[in-house]
2 protein chains.
Amino acid sequence: MENISDNVRSQMRKGVLEYCILSILDRKEAYASSILEELKAANMIVVEGTLYPLLIREKNQGLLSYRWEESTQGPPRKYYCITEKGRGQLREMDAAWQEIVETINTLKK
Amino acid sequence: MENISDNVRSQMRKGVLEYCILSILDRKEAYASSILEELKAANMIVVEGTLYPLLIREKNQGLLSYRWEESTQGPPRKYYCITEKGRGQLREMDAAWQEIVETINTLKK
DNA sequence: TAATAGTACCTTGTGTTGCAAGGTAATTGA
DNA sequence: TCAATTACCTTGCAACACAAGGTACTATTA
């Protein structure tokens, strides 16, 4: 039972996810499950199988770092935070995003 | 010689391209080379190897149709135009795009 | 104390997509 | 007739999102 709208949304947000993650972590550090919640609250549903590899990729690129922290309720959490390099990347993505928004506006005019 | 900014842009516009193509063809029919020019004018550089498979995919999905037309200067051109189904998809993409823009705004606030 | 539920982590395999780097065919002009 | 131009298209690769699994730790409860 495949919903076309889901497919459209899924395709369209490809590549924007990394931007979302960096934007979230630019404000405060967070662990995967809390990032999922924040994305969900912002109306962008993402599943674990998408998020974890993405976080690992960004960490390997030096855009993120992490530390372990014990939790009072459950297993330890891996808190990610953005690096200086990550902030640089984020600034580039801000520019790229603006450009895309303007491109769409141009084409829709 | 790989430019990081190019990579960022390339990743970010994944999935948005189909939206751009449908938006362009919603206004008037066009052939591949003219679509490439229009995208370039709107600041979204795309290459042939990306565009042709995309047009074929959309045609196979019934979103587009085409007709051949002789050209006064060069080989015949394949003019694509959007179908009723394509317009339906475009309306869904309009909604999806608005949603993504709002998501980014929420996360950047 | 054994079993269950909840939380948090991660991996594998698949399909889609964008791109680089090729190629074919028709027309025009030198 | 042969190079340039315009227009079409294909193949192989890498990156990405997702479905569908899995492991490990903690708290609850029977």
Side-chain angles (χ1 to χ4, degrees), chain A residues 1-4 6-21 29-40 44-61 63-64 66-80 93 96 100, chain B residues 1-4 6-22 30-40 44-61 63-64 66-80 93 96 100:
Chain A
M1 201 61 163
E2 167 84 15
N3 188 342
I4 292 182
D6 287 350
N7 217 342
V8 168
R9 280 170 178 72
S10 170
Q11 286 309 318
M12 200 173 259
R13 71 193 179 203
K14 269 182 206 275
V16 180
L17 256 179
E18 184 178 351
Y19 183 43
C20 291
I21 306 304
E29 62 178 7
Y31 61 103
S33 301
S34 67
I35 293 174
L36 283 175
E37 277 175 32
E38 191 156 353
L39 287 171
K40 193 174 176 181
M44 174 157 296
I45 308 296
V46 178
V47 295
E48 295 187 325
T50 299
L51 182 61
Y52 281 99
L54 200 160
L55 288 172
I56 292 168
R57 279 199 307 272
E58 293 188 333
K59 198 266 297 174
N60 289 340
Q61 287 170 19
L63 306 177
L64 303 180
Y66 68 83
R67 62 182 178 79
W68 285 100
E69 184 172 313
E70 297 296 319
S71 165
T72 55
Q73 293 209 338
R77 296 167 176 174
K78 204 172 182 177
Y79 277 86
Y80 284 91
M93 296 189 113
I100 289 178
Chain B
M1 200 63 163
E2 169 85 14
N3 188 344
I4 292 181
D6 287 349
N7 217 341
V8 167
R9 281 172 178 71
S10 171
Q11 285 307 318
M12 198 171 261
R13 71 192 178 202
K14 270 181 204 278
V16 180
L17 256 180
E18 184 177 351
Y19 183 43
C20 291
I21 305 304
L22 288 182
Y31 61 103
S33 300
S34 68
I35 293 174
L36 283 175
E37 277 175 32
E38 191 156 353
L39 287 171
K40 193 175 176 182
M44 174 157 295
I45 309 296
V46 178
V47 296
E48 294 187 325
T50 298
L51 182 61
Y52 280 99
L54 199 160
L55 289 172
I56 292 168
R57 279 199 306 272
E58 294 188 331
K59 197 266 297 175
N60 289 339
Q61 287 170 19
L63 307 177
L64 302 181
Y66 68 82
R67 61 179 177 82
W68 285 99
E69 184 172 313
E70 297 296 318
S71 167
T72 54
Q73 294 207 336
R77 296 167 175 173
K78 204 172 182 177
Y79 277 85
Y80 283 91
M93 295 190 114
I100 290 177

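Remember, it's a predicted structure, so these values are computed and weren't measured experimentally.
- Near-neighbour residues of DNA chain D inside residues 31-38 of chain B, defined by a heavy atom below 4.0 Å, number-ordered: B:Y31, B:A32, B:S33.
- Residue B:R77 contributes atom CZ, which lies 12 Å from atom C1' of C:dT27 at whole-angstrom precision.
- A distance of 15.5 Å separates CD1 in B:I35 from NZ in B:K40, rounded to the nearest 0.5 Å.
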Please produce a list of atom pairs where a protein N or O lies less than 3.5 Å from an N or O of nucleotides 2-5 of chain C.
none

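- A salt bridge links B:R67 and B:E69; the closest N-O separation between the charged side-chain nitrogens and carboxylate oxygens is under 4.0 Å.
- Every side-chain contact (heavy atoms from CB on, under 4.5 Å) that A:K59 has, sequence neighbours left out, goes to A:Y66, A:Y80.
- Whole-Å rounding puts the B:L55 CG to D:dT10 P distance at 12 Å.
- Remark: C1' of D:dA19 and CG of A:L51 are 15 Å apart, rounded to the nearest angstrom.
- To the nearest 0.5 Å, atom CG of residue A:L55 and atom CD of residue A:E18 are 10.5 Å apart.
- The CD1 atom of B:I45 sits 14 Å away from the C1' atom of C:dC19 (whole-angstrom rounding).
- Here A:Y52 does not reach the OP1 or OP2 of C:dC10: none of its side-chain N or O atoms lies under 4.0 Å away.
- In this structure, B:E69 places its CD atom 14 Å from P of C:dT27, rounding to the nearest Å.
- To the nearest 0.5 Å, the span separating CG on A:L51 from CG on A:L17 amounts to 8.0 Å.
- Distance A:I56 CD1 to D:dA15 P: 16 Å, rounded to the nearest Å.
- Residue B:T72 holds its OG1 atom at 6.5 Å from CZ of B:R77, rounded to the nearest 0.5 Å.
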Checklist outcome for this item: For nucleotides 21-30 of chain D, 5' to 3', base contacts (B), sugar-phosphate-only contacts (S) and non-contacts (-) with protein non-hydrogen atoms under 4.0 Å give ----BSS---
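- Rounded to an integer number of Å, the gap from NZ of B:K78 to P of D:dA7 is 15 Å.
- Listed by chain and residue number, B:W68, B:E70 satisfy the side-chain contact (heavy atoms from CB on, under 4.5 Å) test with B:P76 (two or more places apart in sequence, or in another chain).
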Are any protein N/O atoms closer than 3.5 Å to N/O atoms in nucleotides 14-18 of chain C? If there are, list each pair with its distance.
{"residue": "C:dT17", "atom": "OP2", "partner": "B:R57", "partner atom": "NE", "Å": "3.1"}
{"residue": "C:dG18", "atom": "OP1", "partner": "B:G15", "partner atom": "N", "Å": "3.4"}
{"residue": "C:dG18", "atom": "OP2", "partner": "B:R57", "partner atom": "NH2", "Å": "3.2"}

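- Per the geometry, CH2 belonging to A:W68 stands 12 Å off P belonging to C:dA8, to the nearest Å.
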